[in-house]
Amino acid sequence: MAKDKLLLIDGNSIAFRSFFALHNSLSKFVNKNGLHTNAIFGFNKMLDSILEQYQPTAALVAFDAGKTTFRNGKFDNYKGGRSKTPPELSEQMPYLRELLTGYGIKSYELPNYEADDIIGTLAKEAEAQDYAVVVVTGDRDLTQLSSEKTIVAVTKKGVSEVEEYTPAYVEEKLGVTPKQIIDIKGLAGDTSDNYPGVTKVGEKTAIKLLKQFDSLENLYEHLDELKPSKMKEHLIEDRDNAFISKDLATIRRDAPIEISLDDVQYAGINEEYLREFYHQMNFKSFLSKLDQTATQDGVEAVKKEVVFNVLNKDNVEQLQSLKGEIDFYLEMLDKNYHLSDFTGFVIGNADNIWVSDDVELLNNSKIKAILEDPKIKINVFDSKRTYVGLHRLGIKLTAVNFDILLQSYLLDTNDNSNDLGQLAHEHDYDAIDTDDDVYGKGAKRAVPEQTELFNHLARKLAAINFLGKQLDQELVKNEQNNLYWDIELPLAIVLAKMEISGIKVDRNRLNQMQSEFTERLSEIETNIYNEAGEEFNLNSPKQLGVVLFEKLKLPIIKKTKTGYSTAVDVLEKLQGESPIIDNILNYRTLSKIKSTYVDGLLKVIHTTDEKVHTTYVQTLTQTGRLSSIDPNLQNIPVRIEEGRKIRQAFVPAREGWHILSSDYSQIELRVLAHITGDQNLQEAFKNGEDIHATTAVKIFGLKDASEVTPNIRRQAKAVNFGIVYGISDYGLSQNIGISRKDAKKFIETYFKEFPGVKKYIDESVQLAKEQGYVETIAHRRRYLPDINSSSFNLRSFAERTAMNTPIQGSAADIIKIAMIDMENELEKRNLKSRMLLQVHDELIFEVPDEEMTLMKELVPKVMDSAVKLDVPLKVGAAWGNTWYDAK
DNA sequence: AAATTCACG
DNA sequence: ACGTACGTGAATTTA
């Protein structure tokens, strides 16, 4: 057995294979700089399995040097007509070199030569020195190198598995010897490398000929032995091509390489370099693999032990050392912190950590004083959650400093997690586990034994301590510190107060609606079953599809991934085909209202106060909007009267109070006018015009607003929406039911009439391509990793987002500022009125009657003066007995 | 857990 | 030629 083993890898080929093996999940392999990493990931997998399998003593990865090689000199069109390497792959190539550096494997390329030639040359040299050689590639042509000492391992589908070509296996598989592979190529040519061979001769014919004549040269020497045939004519005619093709297919074994076997001895990985690289690539699995091998080798412990004290009522005095800036974390395992049990807490700083699983301790005057001290700055993870949790324990969290959940969200909305462990990992801090790891997922979630719990909590505190400062610096660097300190952090407390206030729900009203809906639904159900001639599950799109399109043979308008679409737009097109359609549409509407809103809301009313307490998710949306969950109070029906009645169940918490609702009018279009600087759009708003009518006049070339019919206005409104969403002719045509051509004309006219808008759209897409992100007026950022994608879909989506996000996001900034201002006003003026809900462009309050006169002036005033734009903000207000009546 | 549908801005 | 409007959450069925 040879003592030395040389591993030679065809770099470009393996990169290419890896890239396409993981092409489906391309969008999942993106690091935080927007770099695609799928080929790197696949390459790494291949390396791991190959290194383990072959245990080489020397290794080299060969790359193609560039587009042109000596082969192009021999044949103009060599590799011509190849589609060019996708940019998502090209961008990964430099990082592959880094990966190899981490593995301690040299890479090499040689101008004018291909990777094959480097491999061929070095393999020859190694064989001469009695090495065993393994060549790894995705390209079968390299099997010509296989010999008694050289195995060619060709990757199978998944990249990390290979098929080993020994000379015997080549013969078995292809019916020729390794040497004859180039003769096949000479006769049959190669479509992918774009050289011709002999006309009408393919692989099968070539093999047959070679079995008889052994080599191309011998074949031509004995050509006269062949009976006259079409094939013989082709062979004679294409003689030159055949020899050129064979030459092109021949791997050089004498390339002028300036690297020797001594240079490629393999000494193992550079762990530190690799670790840093994995962080940069966001390769979690490889990172943990590194950790495992490190521990196994006893080189280094995975994580340092964390030191903490267990707090109890006898040692709380120790906390007196906590001054200035501290860290705190309150553990509530249930997602819904309005109801969750308390699992424990941890308090401390960089020097000392105290943990406990007894939250009653928090009400100890010593601890309470610290948490409520305005002079002690407290770093947390999720200030809103912490505020609400402590509030339930009778403690008022007063001076939050860093909230790493908020900070991290502002830095990058993509890489954000509500799990502290996961989030820490995103920021390269690894001395902590995720909650899923410690507590378990889903049904298995449970509190672990005390030591493990305390360890986890202590690690959480250490993570908060470490990350707060770091993230703060990153915010400053991004000019996002004002966004954090002046908007998001104060807003978290405002939202906490709104959630705690909750909104009262009239249970009786809902119960009454419940019986009405139950009755009406069962009636409609009976009708549908009669019309269908059978009973089925109406809530199942699948079963409904069978009834409509197979049994009743209605025309199929649209299909989904899994079957027939039965969505509203489809059903509406079928109206008139059968009376069953109207009934189904009715059923859908009513059952939606009943299940989601009537039954759904009844389930989440707190029995203690007859209120619902939503949770606003502050760190979720890609644009900066809030979201509302459990229950979602931002999608209570309003457009259809039957659903709108749900709002009658939202009532003030006390007698003699009313609901006040105040909303921005066309805030997104006003923001558009502001950030585009378009003179015409700005004029329209400054003159207080009906913006949809103005747009209608412009795009339909009307004399003035008097010519605008309701239908024309409706179309213009759709165009305005389209602009805000990042318009496409197709989208617009679908929305208002016109031809794509007409839609295109509308858009073109719009851009002519509002040239500032056109200019802005082009510029923001351009900017996104250059810097990788777009920004709102308050410097909220959204990274768009797909903006330079070669996939039309992904790129187009990113482009539309680049237009829409600054608009939707700036509108979100504005209402957030208004909410903070409003809460300040309520406090300053010592008002009893409470802000209860935010619905993106609308704020809802409950107001005692004696404050109504003031509030209905104050709220709009605060809202429209939240920021100063180049156009005025317009705010409307209405009030009534219930949310329904505040219209 | 994914897919479909539909409620909101 | 490609195949799309932007941002969300909840209920339901199905695999």
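Convention: sequence-line order gives letters A, B, ...; per-chain numbering from 1.
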Notebook entry, point to check: Step by step, would you call A:E572 with A:I557 a side-chain contact (heavy atoms from CB on, under 4.5 Å)?
Noted result: CA-CA 10 Å; A:E572 274 169 355; A:I557 310 277; over 6 Å; no

Notebook entry, point to check: Is A:T566 touching bases, backbone alone, or none of the nucleic acid, heavy atoms closer than 4.0 Å?
Noted result: sugar-phosphate

Next item on the list: For A:T413 and A:N416, test the side chains for any donor-to-acceptor distance below 3.5 angstrom and give the result as yes or no.
Entry: no

Notebook entry, point to check: Tell me: CG of A:D569 to C1' of C:dA5, nearest whole Å?
Noted result: 13 Å

Note to self: Check the phosphate of B:dT4 against A:S565, side-chain N and O only, distance under 4.0 Å to OP1 or OP2. Yes or no?
What the structure shows: no

Checklist line | Phosphate OP1/OP2 of C:dT14: any A:K542 side-chain N/O under 4.0 Å | finding: no

Notebook entry, point to check: Contact class for A:Q622 vs. all strands (heavy atom < 4.0 Å): base, sugar-phosphate, or nothing?
Noted result: sugar-phosphate

Margin query: Any base atoms under 4.0 Å from A:K592, or only sugar-phosphate, or nothing? Heavy atoms, all strands.
Written below: base

Check: Hey, is the side chain of A:R782 pairing donor to acceptor with the base of C:dG7 inside 3.5 Å?
Finding: no

Notebook entry, point to check: Would you say A:S796 reaches C:dT4's phosphate, i.e. side-chain N/O to OP1/OP2 under 4.0 Å?
Noted result: no

Notebook entry, point to check: Given the C1' atoms of C:dC2 and B:dA7, what is the spacing between them in whole Å?
Noted result: 32 Å

Notebook entry, point to check: When we call it a touch if two heavy atoms are under 4.0 Å apart, what does A:T805 touch: a base, just sugar-phosphate, or nothing?
Noted result: nothing

Notebook entry, point to check: Do A:R588 and B:dT5 have a side chain to base donor-acceptor pair shorter than 3.5 Å?
Noted result: no

Notebook entry, point to check: Which is true for A:D630 with a 4.0 Å heavy-atom rule: it touches a base, it touches only sugar-phosphate, or it touches nothing?
Noted result: sugar-phosphate

Next item on the list: May I ask you to say what A:V839 touches in the nucleic acid, namely base, sugar-phosphate or nothing, with a heavy-atom cut-off under 4.0 Å?
Entry: sugar-phosphate

Note to self: What is the separation between atom CZ on A:R625 and atom C1' on C:dG9, rounded to the nearest whole Å?
What the structure shows: 13 Å

Next item on the list: Report yes if at least one side-chain N or O of A:T562 is closer than 4.0 Å to OP1 or OP2 of B:dT4; otherwise report no.
Entry: yes

Next item on the list: Describe the nucleic acid contact of A:S791 in one word from base, sugar-phosphate, nothing, applying a heavy-atom distance below 4.0 Å.
Entry: nothing

Margin query: Whether A:K594 and A:E642 form a salt bridge (side-chain N of Lys/Arg under 4.0 Å from carboxylate O of Asp/Glu) is what I want to check.
Written below: no

Check: Are A:F792 and the base of C:dC2 stacked, counting only ring centres nearer than 5.5 Å and planes tilted under 30°?
Finding: no

Check: NA contact type, A:Q543, heavy-atom cut-off 4.0 Å: base, sugar-phosphate, or nothing?
Finding: sugar-phosphate

Next item on the list: Describe the nucleic acid contact of A:V617 in one word from base, sugar-phosphate, nothing, applying a heavy-atom distance below 4.0 Å.
Entry: nothing

Next item on the list: Within residues 726-748 of chain A, find the residues that approach DNA chain B with a heavy atom at under 4.0 Å, and present them sorted by residue number.
Entry: none

Notebook entry, point to check: Could you walk me through whether A:E516 and A:R520 pass the salt bridge (Lys or Arg N to Asp or Glu O under 4.0 Å) check?
Noted result: CA-CA 6 Å; A:E516 281 172 31; A:R520 287 179 59 190; 5.7 Å; no

Note to self: Does A:R781 qualify as a cation-pi partner of A:Y773, given the criterion of NZ or CZ under 6.0 Å from the six-membered ring centre and within 45 degrees of its axis?
What the structure shows: yes

Check: Between A:K758 and A:D762, is there a salt bridge with N-O shorter than 4.0 Å?
Finding: yes

Notebook entry, point to check: Touch check for A:I593, heavy atoms < 4.0 angstrom, all strands: base, sugar-phosphate only, or nothing?
Noted result: nothing

Check: Would you say a side-chain N or O of A:N632 is under 4.0 Å from OP1 or OP2 of B:dA7?
Finding: no

Note to self: I'd like the P distance from B:dC6 over to C:dA5, given in whole Å.
What the structure shows: 15 Å

Note to self: Can you measure A:N635 atom CG to C:dG9 atom P for me and round it to whole angstrom units?
What the structure shows: 10 Å

Margin query: Ring centres under 6.0 Å, that's the criterion: do A:F754 and A:Y750 meet it?
Written below: yes

Check: Salt bridge or not for A:E748 and A:K741, using N-O below 4.0 Å?
Finding: no

Check: Thinking salt bridges, do A:D435 and A:R445 make one under a 4.0 Å N-O criterion?
Finding: no

Next item on the list: Please state whether the base of B:dC8 and the side chain of A:Q634 form at least one donor-acceptor pair under 3.5 Å?
Entry: no

